[in-house]
S.K.: 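Quick one: the structure is below, questions incoming.
Any value given below was found using the heavy atoms of this structure, including those in side chains, with hydrogens, waters and symmetry copies removed.
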Amino acid sequence: MSARDCLTTNEWICGEYVRSRSQELVDATLQHIAITAAAVMIGVAVALPLALLARRWRALAGPVLGITTVLYSVPSLAMFSLLLPLFGLSAALVVTGLVLYSLTILVRNILIGLRSVPDEVREAARGMGYGPLRRLWEVELPLALPALLAGVRITTVATVALTTVGAIVGHGGLGTLILDGLDTSFKAQVLTASVLCVLLALAADVALLLVQRLLTPWTRHPRAGRSARASRAPRPAVEKAAEAV
C-alpha cells in the first residue's frame, strides 16, 4: 500500500495527510495557542484584582468565589450562546467565554497564595516603611507565586481543552479540524488534530512547570520549610527589621 492509499482508504493513521495538510495543521495550532494564551493572560489580569478585593474585604470572598464557581458550572454551549449577542461569531466570543471559565481556578489559587503569606513578614515590611503597593509587589506576590503559578498551569491545560469547543463558531483552533473531520468522517484529520491538542496541553504544562521552578527555587527544598519561604522574597525587609529591633 502506498503512502497515498491511506487517504483513499480513510485510515486513522496517515502520514500523507500530515504531509499534504501541514500548513492547515500549523495554522490551526497557532490559532489554538493564540486563543489559549489570550484567555489565560486576560484571566490572570481579571482574577488578580478580584482576589485582592476578596482578601481585603472578607465579606466579598464568598460572593466572588460563588459567582466564579457558578460561571464555571455553565455548560460551554450555553455560555457561548449567552455571549453570542455581544460578540457575534468571533474569536472574542471564545476568548471571553474561556476567561470566565478560568476565573474560578485563578481567583481561588491567588487568594490561597496571598493568605499563606506569614503575618510577621507583612509586619516586617510595614515596619520598613513599605507602602501597600510596594508590599504587595515586592513581598506578598513573590511569596504567593507558587500558588498563583499552580493555578495558571491548571487553567492553561483546561483552556487548551476548552478551546476546541470554539469550533462551533469557527474559532476553535485544532477543534475546528476535529469537528470538520467528524462531520466528514475523515479519520486521519480527527486523530491527528486530537493528538496535537493533547501534545499542546502537555507541552504547555511542562513549559509552565519549568517557569514555576525557575521563579520559585525555594520550593525545591521542602526541608527548608516555612522559614525558607518566608525569607526568600522579603529578605531585605526582614533582615533590616531585625536589625532595627
S.K.: Applying the 4.5 Å side-chain criterion to the ILVMFWY set and letting contacts propagate, would L179 and L25 be lumped into a single cluster?
M.R.: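 Cluster IDs for L179 and L25 differ.
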S.K.: So for atom CG, which belongs to L86, do other residues, nucleotides or ligands contribute more than 12 heavy atoms lying within a distance under 6.0 Å?
M.R.: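 More than 12 within 6.0 Å, yes.
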S.K.: Tell me whether the count of non-hydrogen atoms from other residues, nucleotides or ligands lying under 6.0 Å of CZ in F87 goes above 12.
M.R.: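 Yes, enclosed.
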S.K.: Just by distance, no angles: are the side chains of T69 and R108 close enough, under 3.5 Å, to form a donor-acceptor pair?
M.R.: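 Yes - a donor-acceptor pair under 3.5 Å links their side chains.
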S.K.: Check whether any side-chain heavy atom of L141 lies under 4.5 Å from a side-chain heavy atom of L114, and answer yes or no.
M.R.: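 A side-chain contact under 4.5 Å exists here.
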S.K.: Compare all side-chain heavy atoms of T184 with those of D180 and state whether any distance is below 4.5 angstrom.
M.R.: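 No. Closest side-chain heavy atoms not under 4.5 Å.
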S.K.: Go through the side-chain N and O atoms of S102 and T155 and say whether any donor and acceptor fall under 3.5 Å apart.
M.R.: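 Per modelled atom types, S102 and T155 side chains form no pair under 3.5 Å.
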S.K.: What I'd like to find out is whether the side chain of Q189 reaches to under 4.5 Å of the side chain of R21, using heavy atoms alone.
M.R.: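 A side-chain contact under 4.5 Å exists here.
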S.K.: Which heavy atom of G15 sits nearest a heavy atom of C6, and at what distance?
M.R.: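 Looking at all heavy atoms of both residues, the closest pair is N-SG, 4.3 Å.
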S.K.: Just checking, is any N or O donor in the side chain of D27 or Q23 under 3.5 Å from an acceptor N or O on the other one?
M.R.: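 The answer is yes; a qualifying pair exists.
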S.K.: Are V18 and W12 connected into the same hydrophobic cluster when the rule is that any two of I, L, V, M, F, W, Y join if their side-chain heavy atoms are below 4.5 Å apart?
M.R.: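 Unlinked, W12 and V18 end up in two clusters.
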S.K.: Answer yes or no: is there a side-chain heavy-atom contact under 4.5 Å between Y101 and S76?
M.R.: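 Result yes, sub-4.5 Å side-chain heavy-atom pair found.
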S.K.: Are I168 and V190 in one and the same hydrophobic cluster, where Ile, Leu, Val, Met, Phe, Trp and Tyr link if side-chain heavy atoms are under 4.5 Å apart?
M.R.: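 No; V190 is not reachable from I168 via cluster members.
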S.K.: Can any side-chain N or O of H32 pair as donor or acceptor with the backbone N or O of V160 at less than 3.5 Å?
M.R.: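 Yes; judged by distance alone, with no hydrogens or angles, the pair exists.
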S.K.: Crowded around I13 CD1? As in, over 12 foreign heavy atoms under 6.0 Å?
M.R.: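 For I13, atom CD1 is not crowded (no more than 12 foreign heavy atoms under 6.0 Å).
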S.K.: Between V94 and H171, which heavy-atom pair has the shortest distance, and what is it?
M.R.: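 Between these two residues, the closest heavy atoms are CG2-O, 3.6 Å.
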S.K.: Output, in order, the C-alpha distance, side-chain angles, deciding distance and verdict of salt bridge (Lys or Arg N to Asp or Glu O under 4.0 Å) for E140 and R55.
M.R.: CA-CA 12 Å; E140 296 177 343; R55 196 275 305 266; 3.3 Å; yes
